[in-house]
Amino acid sequence: MTKISVIGAGNVGATAVQRLAELELGDIVMTDIIEGLPQGKSLDLMQSAPVMGYDTDITGTNDYKDIEGSDVVVVTAGMPRKPGMSRDDLLDKNANITKDVCENIKTHAPDSTIITVTNPLDIMTYAALEVTGFEHNRVFGMSGVLDSSRFETFIAMELGCSIQDVNAMVLGGHGDLMVPLPQYSTVSGIPITEIMSEDTINRLVERTIHGGAEIVEHLKEGSAFYAPSASIVKMVDSVVNDKKRILPAAAYLNGEYGLNDIYLGVPVKLGKGGVEDIIELDLTDDQKQKLSQSGASVKEEIAKLNL
Ligand SMILES: NC(=O)C1=CN([C@@H]2O[C@H](COP(=O)(O)OP(=O)(O)OC[C@H]3O[C@@H](n4cnc5c(N)ncnc54)[C@H](O)[C@@H]3O)[C@@H](O)[C@H]2O)C=CC1
Ligand SMILES: O=C([O-])CC(=O)C(=O)O
């Protein structure tokens, strides 16, 4: 049986566990630093199983020993931002948490594949790699699936069409310098550049870039978690079922896109081997410049890590 551990039983972690359980993607362990929180939420989710009809085993624990044998570990432990904050403002606090979590993953689940979620995403993914010393392909981050999903939502809302026909691509860091790619964003195979004006596309691109902040402003406390948890599950599914889906993810770059020793959102092939391939797209000069700006900003933040 596949075993999936989710570290952090807050909004993103617990909702991801709910979605993973409902899809029966594997047995699940949920951990948190707060005593009773993962236990209570797991029991509640187990008691949903008879109604929802899933046969998933869910364990809540504060003991990292219970993540032993995990195939995949999803890291959601850490602070969310508040209105007015950038994701990078979380760096110091969340780096300490990520360090503690990843030392435990290294000890108790040394053969696992890690999907990071904690912000600032690209920097925390780099921290996870540094702390665990795992191979690059089994440490990667969730960001592009979410950012692309936001772009897809806004495209479908604008066109008044079914979301099922929309497929978008967003690259770059998970921050204000992310790079949505209109020419690779399609409706039933038709690039949106052929059916929308430049002004309209620019408006949707801007809304996508600030999509996380828009929700933070509404919620006042905490940040988005329904779309983030859905995005996590899409990635976990591709890994545990070896689906080899082509999805944007924060992957370790070693020369790809002209960038080195950095995590940044790019299209990857996701399977049992984690990031099995990185796909290099042709970009416009403007997009190349924006991607390198996003990379430079992530590099600057990585340099602040004190692990
Ligand atoms: N990559 C992405 O696209 C997204 C990233 N995020 C990030 O995910 C993180 C979690 O967000 P939420 O679940 O909304 O926050 P939350 O505050 O609801 O939950 C975070 C949980 O982490 C736990 N925690 C803190 N320190 C810990 C430690 N050392 N070990 C284990 N657990 C620990 C807390 O007790 C809390 O239950 C935040 O950093 C947020 O910015 C959120 C949405 C999307
Ligand atoms: O905006 C935030 O802080 C949480 C997040 O990363 C997102 O929803 O994209």
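Indexing begins at 1, ligand by ligand and atom by atom, following the structure's order. This chain uses plain numbering: 1 for the first residue, then up along the sequence.
With sequence neighbours left out, the ring pair (Phe, Tyr, Trp, His ring centres under 6.0 Å) criterion links Tyr252 to His136, Tyr263.
In terms of protein heavy-atom proximity, atom 1 (O) of ligand 2 is nearest to Arg81 NH2, 2.7 Å. Among protein heavy atoms, the minimum distance from atom 37 (O) of ligand 1 is reached at Asp32 OD2, 2.7 Å. Protein heavy atom closest to atom 8 (O) of ligand 2, with residue, atom name and distance, is Arg150 NH2, 2.7 Å. The nearest heavy-atom contact from the protein to atom 17 (O) of ligand 1 is Pro80 CD, 3.5 Å.
Exactly one of Val73, Asn104, Thr61 qualifies for a side chain to side chain contact (heavy atoms under 4.5 Å, CB included) with Thr31. That residue is Thr61.
Relative to atom 10 (C) of ligand 1, the option among Thr76, Val12, Ile34 with the closest non-hydrogen atom is Thr76. Of the candidates His174, His210, Glu217, the one placing a heavy atom closest to atom 6 (O) of ligand 2 is His174.
Distances from ligand 2 to the non-hydrogen atoms of Met85 include no value under 4.0 Å. Heavy-atom separations between Ile215 and ligand 2 are all 4.0 Å or longer. Heavy atoms of Ala224 approach ligand 1 to within less than 4.0 angstrom.
Side-chain polar atoms of Ser70 and Ser5 form a donor-acceptor pair below 3.5 angstrom.
With a 4.0 Å heavy-atom cut-off, ligand 2 is reached by the side chain of Leu146 but not by its N, CA, C or O. Contacts of Met79 with ligand 1, taken as heavy-atom pairs under 4.0 Å, involve the backbone alone. When heavy-atom distances to ligand 1 are checked against a 4.0 Å cut-off, Leu37 comes that close only through its side chain, counted from C-beta outward.
The shortest side-chain heavy-atom distance between Leu253 and Val266 falls under the 4.5 Å cut-off. Under the 4.5 Å side-chain criterion, counting only non-hydrogen atoms from C-beta, Met124 is in contact with Leu91. A 4.5 Å side-chain heavy-atom check between Val6 and Leu20 finds at least one atom pair inside the cut-off.
Annotation: Asn119 places an N or O atom under 3.5 Å from an N or O atom of ligand 1; distance criterion only. Distances between N or O atoms of Ser143 and those of ligand 1 include no value under 3.5 Å. Considering backbone and side-chain atoms alike, Val117 places an N or O below 3.5 Å from some N or O of ligand 1.
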Would you give me the side-chain donor-acceptor pairs under 3.5 Å for residues 44-54, sequence neighbours excluded?
residue : atom : partner : partner atom : Å
Ser48   : OG   : Asp44   : O            : 2.9
Tyr54   : OH   : Leu45   : O            : 2.5

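Listed by number with element, the atoms of ligand 1 under 4.0 Å from a non-hydrogen atom of Pro228 are 43 (C), 44 (C).
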